[in-house]
Amino acid sequence: MSSVEAGPLLAWFSQHRRRFPWRTPFPRDPYLVLVAEVMLQQTQASRVAVLFPRFLERFPTLDLLAAASEDEVVAAFAGLGYYRRARLLHRLAREVAARGWPRSSSELVRLPGMGPYTAAAVAAFAFGELTPPVDGNLCRITARLFAVNSVLRSPTLSAQAHAFARKLVATHPTPEIFEALMELGATVCTPQQPQCAICPWATHCAAFRGGKPSAFPLPQPARTKETPTWVALWVENAAGEVLLRQLTEPPLLGLWLPPLHRGDGDPQYRAAILAQEAGLVANPSLVGSLRHHITHRRITVLLFRAAPPLGVREEANGFRWASPSALLPTSSLAEKLARLAHRSRAKGEAP
DNA sequence: AACTCGGGGCC
DNA sequence: GGCCCAGAGTT
């Protein structure tokens with residue numbers, strides 16, 4: 001590990017640091033660090049930068065988050081994905097509101113939603129602890145610097161990354177080192193086409209000297225991919241409300257969406273089943289399709305439209321009417337479906 | 001150790 | 001298209 005030193009990294013970071021709303025001076029407000037780090041789990045910073053301010057406006061303090069209902073918290077997470085994070089964040093807020101903040105990573109890691117990475121990050125950025133948060137960036141940098149033949153999230157590579165960061169921070173004892181490492185990984189030592197020409201450590205990097213920096217870490221084993229077809233039913237009443245149903249199993253468990261049929265069979269028949277379950281007599285008609293990706297699934301959604309029931313605003317079991325702006329736990333899929341429904345209506349297709 | 005869980009950005 | 005992202009929980 002030898003000649004790789006923190007100095008060049010910190011010098012580079014001082015010139016190339018990106019501005020993010022959670023990057024306030026150290027030590028940071030633990031609540032801000034918490035929300036940012038949970039959102040950043042498996043989510044690119046540019047994406048979090050869009051939704052982080054909205055969430056903090058909705059829940060400015062940990063006590064307000066703890067006082068909210070779980071559904072309100074999940075609704076504020078809409079569009080971020082991995083909604084289990086929102087539920088765990090809510091549980092965590094209630095524990096901390098009741099008992100106060102643990103200040104060490106070894107205690108933080110026992111809280112819901114806090115794994116080794118997030119606990120170390122909160123401890124470092126909010127409380128000054130110098131235990132390295134080991135994330136994908138640090139692991140990738142470590143794999144390249146030392147030509148480690150491991151896949152990204154293997155225990156062996158994580159251990160080497162932890163040891164490397166610990167040596168670095170020993171010479172410059174500031175949590176800024178950890179943020180600089182992540183920034184280098186996110187903007188220079190990137191997964192594909194790393195920018196070795198501007199890397200402060202290129203001359204010390206085994207992967208760079210070997211000529212193929214992107215060969216490290218080793219590629220992940222291929223995932224099996226599914227390409228299911230879902231059927232969705234769009235029903236809008238005279239008040240402009242849309243019929244929604246809560247999903248009772250993953251994926252998207254607990255979220256409110258237009259009624260979905262996620263089985264197999266003839267699409268028109270599946271749409272008729274949805275209409276029947278919703279207590280509708282109208283015959284659904286196809287209005288269009290869209291693609292949606294979640295984890296290893298590449299989903300085609302066929303959207304059908306059906307007329308609302310006349311008169312009474314009935315809500316069959318598990319269904320409810322809601323205006324598009326209603327604060328319900330939902331997915332970005334809901335917005336895609338709404339856009340498709342309104343496009344098709346604008347083109348004059350039959351309701 | 002292997003799976004599951006969203007969604008978007010980037011090639 | 002395929003790959004990956006400031007991971008954690010469950011089996």
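The sequence lines fix the lettering, A, B, ..., with proteins before strands; numbering per chain opens at 1.
Taking the charged nitrogens against the carboxylate oxygens, A:Arg17 and A:Glu176 do have a contact shorter than 4.0 Å, which makes a salt bridge. For the pair A:Glu277 and A:Arg245, the salt-bridge criterion is met [side-chain N within less than 4.0 Å of a carboxylate O].
As judged by a 4.0 angstrom heavy-atom cut-off over every strand, A:Pro112 is placed among residues touching the sugar-phosphate backbone only. Residue contacts shown for A:Leu88 are limited to sugar-phosphate atoms, with no base heavy atom under 4.0 Å away. At a threshold of 4.0 angstrom between heavy atoms, the contacts of A:Pro219 with the nucleic acid are absent. Heavy atoms of A:Gly79 sit under 4.0 angstrom from primed sugar atoms or phosphate atoms, though from no base atom. Across all strands shown, A:Ala45 has heavy atoms under 4.0 Å from base atoms, whether or not it also approaches the sugar-phosphate. Nucleic acid contact for A:Met39: none, since no nucleic acid atom lies under 4.0 Å from a heavy atom of the residue.
One can place CZ of A:Arg91 at 10 Å from C1' of C:dG9, the figure rounded to the nearest angstrom. Atom CZ in A:Arg144 sits about 10 Å away from atom P in C:dC4, given to the nearest Å. Distance CE (A:Met114) to P (C:dG9): 10 Å, rounded to an integer number of Å. Taking atom CG of residue A:Leu181 and atom P of nucleotide C:dC5, one finds them 15 Å apart after rounding to whole Å. As rounded to whole Å, 12 Å separates atom P of C:dA8 from atom CG of A:Leu34. The CZ atom of A:Arg84 sits 15 Å away from the C1' atom of B:dG7 (whole-angstrom rounding). Computed from coordinates, the A:Ile299 CD1 to B:dG8 P distance equals 12 Å when rounded to whole Å.
In terms of phosphate contacts, A:Gln42 brings a side-chain nitrogen or oxygen within less than 4.0 Å of OP1 or OP2 of C:dG7. The phosphate of B:dC5 has OP1 or OP2 within less than 4.0 Å of a side-chain N or O from A:Arg297. In terms of phosphate contacts, A:Arg153 brings a side-chain nitrogen or oxygen within less than 4.0 Å of OP1 or OP2 of C:dG7. A:Thr190 has no side-chain polar atom (N or O) that falls below the 4.0 Å cut-off from OP1 or OP2 of B:dC10. Not one side-chain nitrogen or oxygen of A:Ser46 sits closer than 4.0 Å to the OP1 or OP2 atom of B:dG8. Not one side-chain nitrogen or oxygen of A:His293 sits closer than 4.0 Å to the OP1 or OP2 atom of B:dG8. OP1 and OP2 of B:dG9 both lie 4.0 Å or more from every side-chain N or O belonging to A:Arg47.
Comparing A:Leu40 and A:Gly113 against DNA chain C, the residue whose closest nucleotide sits nearer the 5' end is A:Leu40. Residues A:Arg223 and A:Leu333 both approach DNA chain B. Their nearest nucleotides, taken by heavy-atom distance, put A:Arg223 toward the 5′ side.
For the C1' atom pair drawn from B:dG9 and C:dA8, the interatomic distance equals 23 Å after rounding to whole Å. C:dA6 and B:dC11 are spaced 15 Å apart, taking the P atom of each and rounding to whole Å.
The side chain of A:Arg140 has C:dC5 as its nearest neighbour among C:dC5, B:dA1, C:dA6. Residue A:Leu152 has its side chain nearest to C:dC5 when only C:dC5, B:dT4, B:dC5 are considered. Closest approach to the A:Tyr82 side chain among C:dG2, B:dG6, C:dC4 is made by B:dG6 (side chain taken as heavy atoms from C-beta onward). Taking the side chain of A:Tyr83 as heavy atoms from C-beta on, and the options C:dA6, B:dG6, C:dC5, the nearest nucleotide is B:dG6. If you check C:dA6, B:dT4, B:dG6 against the side chain of A:Leu252, the one that comes closest is B:dG6. Comparing B:dG8, C:dA6, B:dG6 by their closest approach to the side chain of A:Thr43 singles out B:dG6. For A:Arg23, taking side-chain heavy atoms from C-beta onward, the closest of the listed nucleotides B:dC5, B:dG9, C:dA6 is C:dA6. Looking at the side chain of A:Ser332, the nearest of the listed nucleotides B:dG7, C:dA6, C:dC4 is B:dG7. For A:Gln193, taking side-chain heavy atoms from C-beta onward, the closest of the listed nucleotides B:dC11, C:dA6, B:dG6 is B:dC11.
Looking at every heavy atom in both residues, A:His292 comes nearest to A:Lys336 through ND1-NZ, 2.9 Å. Nearest heavy atoms, A:Pro308 versus A:Val235: CA-CG1, 3.6 Å. A pairwise comparison of heavy atoms in A:Cys199 and A:Val188 identifies CB-CG1, 3.8 Å as the closest pair.
Aromatic pair A:Phe304/A:Trp234: centroids not less than 6.0 angstrom apart.
Side-chain to base pairing of A:Thr295 with B:dG7: no donor and acceptor N or O lie closer than 3.5 Å to each other.
Just one of A:Tyr31, A:Phe125, A:Phe55, A:Phe52 meets the ring-ring contact (aromatic ring centres under 6.0 Å, His included) condition when paired with A:Trp22; it is A:Phe52.
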